[in-house]
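Below: one structure, written as structure tokens.
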Amino acid sequence: QVQLVESGGGLVQAGGSLRLSCAASGGTFSRYVMGWFRQAPGKEREFVATINWSNSGTRYTDSVKGRFTISRDNAKNTVYLQMNTLNPEDTAVYYCAAGSYLSAYDGHYAYWGQGTQVTVSS
């Protein structure tokens with residue numbers, strides 16, 4: 001059983017940056033693909049980014065390419081999401097997840113954190 005705890009969310013002005021962290025415990029972190037998803041008010045949860053166990057493979061949704069960077073530190077059991085040039089459309093609760101496939105499909109992720117709120121003001 002893997003426990004995931006996100007941190008780093010907050011309120012930021014448009015154009016600003018935030019770095020989200022997700023600390024894992026209770027499992028072998030380096031075995032898992034790690035993903036970030038988000039859910040805006042009134043919308044379905046959507047894929048943001050994912051990274052494989054070795055930092056050698058990543059995927060991003062088109063709307064964040066060039067602005068967000070996912071990375072991981074297996075020694076610290078932590079995955080990060082660096083978010084730059086934020087805009088109000090990025091406002092959402094951001095969730096990290098652990099799974100087995102480098103996938104944008106949330107059904108491929110077995111473990112989820114509680115989420116951290118990101119609010120971008122215009």
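Note that the structure is predicted; figures quoted are calculated from it, not measured. Only heavy atoms go into these numbers, but all of them, side chains included; no hydrogens, no water, no symmetry mates.
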Subject >> Smallest separation among heavy atoms of Arg45 and Asp106, with atom names >> reply: NH2-OD2, 3.3 Å
**OP:** Examine Ile70 and Tyr111 and state if one hydrophobic cluster contains both, with Ile, Leu, Val, Met, Phe, Trp and Tyr joined whenever side-chain heavy atoms are less than 4.5 Å apart.
**Re:** yes
Show me the donor-acceptor pairs, under 3.5 Å and distance only, between side chains in residues 32-39 and residues at least two apart or in other chains.
unit_1: Trp36; atom_1: NE1; unit_2: Tyr80; atom_2: O; d: 3.4
unit_1: Arg38; atom_1: NE; unit_2: Glu46; atom_2: OE2; d: 2.6
unit_1: Arg38; atom_1: NH1; unit_2: Asp90; atom_2: OD1; d: 2.9
unit_1: Arg38; atom_1: NH1; unit_2: Tyr94; atom_2: OH; d: 2.9
unit_1: Arg38; atom_1: NH2; unit_2: Glu46; atom_2: OE2; d: 3.1
unit_1: Arg38; atom_1: NH2; unit_2: Ser63; atom_2: OG; d: 3.4
unit_1: Gln39; atom_1: NE2; unit_2: Lys43; atom_2: O; d: 3.0

**OP:** Taking all heavy atoms of Ser71 and all of Val79, pick out the closest pair and write down the distance.
**Re:** O-CG2, 3.1 Å
Original post:
Between atom OG of Ser7 and atom CD of Gln114, what is the distance when rounded to the nearest 0.5 Å?
Top reply: 13.5 Å
Original post:
If you look at every heavy atom in Ser21 and Thr78, which pair is closest and at what distance?
Top reply: CB-CG2, 4.2 Å
**OP:** Report yes if the side chains of Phe68 and Gln82 come closer than 4.5 Å at any heavy-atom pair, otherwise no.
**Re:** no
Original post:
Counting heavy atoms not belonging to Trp112, are there more than 12 under 6.0 Å from its CH2?
Top reply: yes
Original post:
Only one of Ile51, Thr69, Val48, Thr50 clears side-chain contact (heavy atoms from CB on, under 4.5 Å) with Tyr60; which?
Top reply: Thr69
**OP:** Side-chain contact test, heavy atoms from C-beta onward, threshold under 4.5 Å: evaluate it for Met83 versus Leu20 and give yes or no.
**Re:** yes
Original post:
With a 4.5 Å limit on heavy-atom distance, are the side chains of Ser100 and His108 in contact?
Top reply: no
Original post:
Can you tell me how far CG of Asn74 sits from CG of Asn55, rounded to the nearest 0.5 angstrom?
Top reply: 6.5 Å
Original post:
For Gly8, does its backbone N or O pair with a side-chain atom of Arg19 as donor and acceptor, under 3.5 Å?
Top reply: no
Distance-only check: which donor-acceptor pairs under 3.5 Å involve side-chain atoms of residues 115-122, not counting sequence neighbours?
unit_1: Thr116; atom_1: OG1; unit_2: Gly9; atom_2: N; d: 3.2
unit_1: Gln117; atom_1: NE2; unit_2: Ala92; atom_2: O; d: 3.4
unit_1: Gln117; atom_1: NE2; unit_2: Thr119; atom_2: OG1; d: 3.3

Subject >> Distance, nearest 0.5 Å, that separates CG of Leu86 from OG1 of Thr91 >> reply: 8.5 Å
**OP:** Could you tell me whether the side chain of Tyr109 and the main chain of Ala104 form a donor-acceptor pair under 3.5 Å?
**Re:** no
Subject >> Asn87 side chain reached by Arg67 side chain, heavy atoms, under 4.5 Å >> reply: yes
Original post:
Do Gln3 and Gln1 come close enough that some side-chain heavy atom pair is under 4.5 Å?
Top reply: yes
Which atom pairs, donor and acceptor, lie under 3.5 Å between side-chain atoms of residues 23-30 and protein residues at least two apart or in another chain?
none

Original post:
How many angstroms lie between SG in Cys22 and CD in Glu6, if you round to the nearest 0.5 Å?
Top reply: 5.0 Å
